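Because the structure is a prediction, the values reported are computed rather than measured. Throughout, a chain's letter reflects where its sequence line sits, starting with A, and its residues are numbered from 1.
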2 protein chains.
Amino acid sequence: MLPGQPKWRRRKDARPGEIVAAALEVFAEKGFAAARLDDIAARAGVSKGALYLYFETKQDLFEAVVRDAISPNIAAVEAAAQAMDLPFAQVSRTLLVRAADMMSTSAIGPVAKMVIAESRNFPDLARVWHDAVVIRVLAVITGLIERAQARGEIRPGDPRFHALALIGPLLMGVLWREVLVPVGAEPLDLTALARQHIETALTGLLIEGAR
Amino acid sequence: MLPGQPKWRRRKDARPGEIVAAALEVFAEKGFAAARLDDIAARAGVSKGALYLYFETKQDLFEAVVRDAISPNIAAVEAAAQAMDLPFAQVSRTLLVRAADMMSTSAIGPVAKMVIAESRNFPDLARVWHDAVVIRVLAVITGLIERAQARGEIRPGDPRFHALALIGPLLMGVLWREVLVPVGAEPLDLTALARQHIETALTGLLIEGAR
DNA sequence: ACTAAATAACTGACCAGTCAGTTATCAATG
DNA sequence: CATTGATAACTGACTGGTCAGTTATTTAGT
């Protein structure tokens with residue numbers, strides 16, 4: 001150990017971000033219960049005690065992770081829906097492909113898995129997810145659908161069901177990647193799935209008058 | 001304690017089933033890691049030690065639960081697909097509604113959630129699920145789709161994608177019920193979702209020549 | 001009497017959260 | 001331009017509780 005090299009540095013501003021990033025990794029790998037604070041601390045290059053200088057409890061840290069992983073992306077979705085005045089077919093095409101891209105690149109997949117996994121033992125988390133993500137995304141999509149229905153562009157029917165039918169396959173794809181591929185399932189091109197899905201969703205599986 | 005009443009009875013045959021049933025409850029409530037063997041034993045009316053007379057480890061018990069919850073239902077799906085020679089529209093209608101019904105009544109929902117939750121820490125489980133459920137269900141559906149495509153009934157396109165698009169919304173609905181409703185989200189009629197979904201999936205969202 | 005089912009007390013490992021002590025940093029002082 | 005305090009960031013060993021898995025012992029059944 002060189003004498004001039006300090007064992008550690010005081011970096012009050014940088015710590016929280018680094019800790020949250022490390023926590024995201026570990027939580028995504030292990031889930032909430034199995035994640036060890038010692039691991040998170042080690043990856044953040046910090047001692048366990050330091051975590052408690054910035055976060056009150058493990059769950060507090062978990063919630064910070066969820067919020068951080070969410071907020072940048074949710075804004076992007078709402079902004080993308082500003083292209084609302086185009087015909088529904090076009091809006092939905094760009095929206096779905098963009099969503100697929102987001103789910104491929106961002107941490108949303110692992111975080112979603114995490115929320116599903118821990119929802120029973122940590123309902124607060126599921127509530128955060130519901131209020132901050134699900135409600136808002138669903139509101140954007142049902143809004144688009146209702147307006148398109150009013151314009152006579154798309155069929156009647158519960159807009160909420162339509163919305164779930166639109167994003168359901170993407171969620172399916174994400175879970176396929178997160179859960180099954182690591183275990184040996186065939187990989188999946190999420191964007192290709194999104195492209196094919198939106199086309200058939202718009203025009204239907206059936207060819208012409210096949211009842 | 002009455003002297004004539006034995007404290008317990010030897011019931012070698014009945015125990016495993018009772019233990020698995022109790023384990024299903026507790027695992028579904030808490031997830032794998034948070035489930036305590038003492039709880040499971042108590043619900044099965046047995047001591048913790050007795051569990052180890054019938055199952056080697058906690059994970060062993062978990063796998064037994066998954067297998068038990070799965071096998072009856074998977075057979076039903078494959079049997080239902082014996083109605084294969086009807087037009088695709090009809091087969092898919094009955095199949096999807098039946099699947100929705102199954103997901104509402106059986107333990108598949110909670111078990112699926114469980115598998116998703118614990119897949120990283122217990123990959124063996126995800127593998128069991130993949131091999132015993134996903135592969136088989138997907139094979140049935142892609143088979144139907146390929147034949148319908150060959151007959152010119154439905155559009156070309158990757159049958160696997162079509163299949164995922166068909167069941168994705170159901171999975172979405174199940175997770176909605178399992179994760180979000182307990183936390184305050186609006187309830188969801190899974191069968192109604194399935195009905196509306198299959199109709200629009202077949203004929204498309206767009207009304208006539210709206211591009 | 002004997003066997004095997006079942007119990008209940010026990011062990012050992014693990015880990016979230018705590019806290020007394022250590023050390024970097026910086027402002028004040030000479 | 002040192003030197004000295006004062007402060008707050010940070011450490012790491014420790015604690016208390018939990019729980020999977022084990023085992024010595026008790027009890028049912030034949």
*Nucleotide D/dA8, atom P - distance to CZ of A/R10 in whole Å*: 9 Å
*Kindly give the heavy-atom pair with the smallest separation between B/A81 and B/V140, and that separation in Å.*
CB-CG1, 3.3 Å
*Pick the nucleotide of DNA chain D nearest each of B/Q59 and A/V46; which residue has the one closer to the 5' end?*
A/V46
*List in numerical order all residues of residues 12-21 of chain B for which some heavy atom is under 4.0 Å away from an atom belonging to DNA chain C.*
B/K12, B/R15
*Check: B/H130 side chain, B/I135 main-chain N or O, donor-acceptor pair, under 3.5 Å*: no
Can you pull every protein N or O that's under 3.5 Å from an N or O on nucleotides 23-26 of chain D?
none

*State which residues pass side-chain hydrogen bond (donor to acceptor under 3.5 Å, both in side chains) with B/Q149; sequence neighbours excluded, sorted by chain then number.*
none
*Find the distance B/F32:CZ to D/dC19:P and express it as a whole number of Å.*
14 Å
Donor-acceptor contacts under 3.5 Å from residues 54-64 of chain A side chains, at least two apart:
| residue | atom | partner | partner atom | Å |
| --- | --- | --- | --- | --- |
| A/T57 | OG1 | A/Q59 | N | 3.4 |
| A/T57 | OG1 | A/D60 | N | 3.1 |
| A/K58 | NZ | A/F32 | O | 2.9 |
| A/K58 | NZ | A/A33 | O | 3.4 |
| A/K58 | NZ | A/A35 | O | 3.0 |
| A/D60 | OD2 | A/E56 | N | 3.1 |

_Apply side-chain contact (heavy atoms from CB on, under 4.5 Å) to residues A/M172 and A/L193 and explain how you reach the verdict._
CA-CA 10 Å; A/M172 187 99 204; A/L193 168 62; 5.8 Å; no
*For DNA chain C, which nucleotides open and close the run of contacts to chain B, 5' to 3', at under 4.0 angstrom from a non-hydrogen atom?*
C/dT3 to C/dA8
_Test side-chain contact (heavy atoms from CB on, under 4.5 Å) applied to B/I116 - qualifying residues, sequence neighbours left out_ = A/K113, A/I116, A/L175, A/V179, B/L175
